[in-house]
Amino acid sequence: MFKINDNYLRLQGSYLFSTVAKKTNAFMEKNPDRKVIRLGIGDVTQPLAPVIIDTLHKAVEEMGHAETFRGYAPDLGYEFLRKAIAENDYRSRGCEITADEIFVSDGAKSDSGNIQEIFSTDNTIAVCDPVYTVYLDTNVMAGRTGEFDTAAGCFKNVIYMPCLAENNFVPELPGQVPDMIYLCFPNNPTGAAITKERLQEWVDYANKNGSVIIYDAAYEAYITEEDVPHSIYECKGARTCAIELHSFSKNAGFTGLRLGYTVVPKDLMCGDVSLHSLWARRHGTKFNGAPYIVQRAGEAVYSEEGKKQLQEQVAYYQKNAKYIFEHLKSAGYEVYGGVNAPYIWLKAPNGMTSWEFFDFLLEKANVVGTPGSGFGKCGENYFRLTAFGSFENTVEAIKRIEAL
Ligand SMILES: *Cc1c(COP(=O)(O)O)cnc(C)c1O
């Protein structure tokens, strides 16, 4: 009789988005005359920029001719894309990352889930609380955590790093040293950013203690403040302790096209084994490349035209974020995030739980957000609103909340 991977049985049901959808649909059925506005989604809504569409059309055309047809892509991704990434995301920011340290993939979700495979299951992990659950769940699947402790609301053998208003949603360096540290800045769900100075402390801590940092930079394009790093490699010593994940989803609207990349510097070693060679082996064995046409579209993100059009697209969402942040703040809400991220993180008023506030907003303002408790214990009493809606809907939703 076969056996299953029973680590999967330890996973906690991810009821967050399904419960949000269920409650929203039930409300809409009961109140068909109300216009419900969704500010809960973590997906972009603006169409792909014109230069991306043109590039896709051209690449599709190439695939229809024997002379320009492309089959399997190179393991690490096409050089034209890796060179554009190395130049624009790294060299231009003074980071020493070369094209052959970049692994092109179908997105940051898969990479953030797969990267743990090259590490021992004996390693202890540290995650922020609240957290993008992929980091945690993929480690549960791999058997790197203990049982879920229902009373405590967390997995055993995981170092949870509380992110609260008191620490500006940037965790303290853990007293118990983790082997693997997951960090995501600017952060989903809190919208918090980390300064270069603070991130340098993490890099120093990791180098000193022999930990590896897995740094998710998916929201880098939303940074507006000078002292906030776009890459962990802006910090000294990061080449020997950090892996960085990037996505084309939030900066260029590729959530449906699928493209991302992971950087594993060649200086990142465990004894005499390079993590670069392990990840190259894993990537080459289990992944057959992002589509040629999508990698061409990725290259266009870094063209002069692409940069201009995408800056406008990101600015559109940033304007929403600013609107939500400022208006809720003047309405007396305790609000965070929004400045370097498309997420606004607010405290539910009058001691309401996250779900009580969800029900209250849905019933009274017909606005849907995401309960913070769904991202971890420390998210309780908080609530996430996203800037990914249309400006008109965002303004209307906030007006309704202001009028409560
Ligand atoms: C949206 C998001 C990503 C991007 O995932 P893709 O698979 O590239 O679409 C990665 N990390 C976080 C924290 C995110 O919110």
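In each ligand, atom 1 is the first atom listed, and ligand 1 is the first ligand listed.
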Which ligand 1 atoms are under 4.0 Å away from a heavy-atom of [X]?
X	value
Y219	1 (C), 2 (C), 14 (C), 15 (O)
G107	7 (O), 8 (O)
A218	3 (C), 10 (C), 11 (N)

Query raised in the report: Yes or no on ring-ring contact (aromatic ring centres under 6.0 Å, His included) for Y382 and F375, after CA distance, side-chain angles and deciding distance?
Result: CA-CA 10 Å; Y382 285 96; F375 300 101; over 10 Å; no

Heteroatom proximity flag, [X] to ligand 1, N/O under 3.5 Å:
X	value
S249	yes
A108	yes
D216	yes
K109	yes

Requested in this report: Among K266, R82, H276, R239, find the one that has a side-chain hydrogen bond (donor to acceptor under 3.5 Å, both in side chains) with E101.
Outcome: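 Result: among K266, R82, H276, R239, R239 is the only option passing the side-chain hydrogen bond (donor to acceptor under 3.5 Å, both in side chains) with E101.
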
Query raised in the report: N350 side chain to M352 main-chain N or O, any donor-acceptor pair under 3.5 Å?
Result: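 No; zero donor-acceptor contacts below 3.5 Å.
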
Query raised in the report: Should the ring pair F155 and F148 be called parallel, tilted or perpendicular, given that the plane angle runs from 0 to 90° and is split at 30 and 60?
Result: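 If you compare the ring of F155 with that of F148, the planes turn out perpendicular.
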
Query raised in the report: Does the pair Y132 and V127 meet the rule for a side chain to side chain contact (heavy atoms under 4.5 Å, CB included), with working shown?
Result: CA-CA 9 Å; Y132 177 64; V127 292; over 6 Å; no

Query - Minimum-distance pair of heavy atoms, taken over all atoms of N251 and V314 - result: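 The pair with the smallest heavy-atom distance is O-CG2, 3.7 Å.
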
Query raised in the report: What protein heavy atom sits nearest atom 1 (C) of ligand 1, and how far away is it?
Result: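 Its nearest protein heavy-atom neighbour is K250 NZ, 1.3 Å.
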
Query raised in the report: Nearest to atom 6 (P) of ligand 1, what protein heavy atom do you find, and at what distance?
Result: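 Looking only at protein heavy atoms, the one closest to atom 6 (P) of ligand 1 is R258 NH2, 3.3 Å.
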
**Report entry** Region of F254 engaging ligand 1 - heavy atom pairs below 4.0 Å
**Finding:**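 For F254, no heavy atom sits under 4.0 Å from ligand 1.
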
Query raised in the report: For ligand 1, does Y135 get within less than 4.0 Å through its side chain, its backbone, both, or neither, judged by non-hydrogen atoms?
Result: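 Side chain only; the backbone of Y135 stays clear of ligand 1.
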
Query raised in the report: How far apart are the C-alpha atoms of Y292 and Y78, what are their side-chain angles, what is the distance that settles it, and do they pass the ring-ring contact (aromatic ring centres under 6.0 Å, His included) test?
Result: CA-CA 8 Å; Y292 170 72; Y78 283 103; 5.3 Å; yes

Query raised in the report: Under 6.0 Å from the six-membered ring centre of Y160 and within 45° of its axis: does the NZ or CZ of K377 meet both?
Result: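 Checked: cation-pi criterion not met.
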
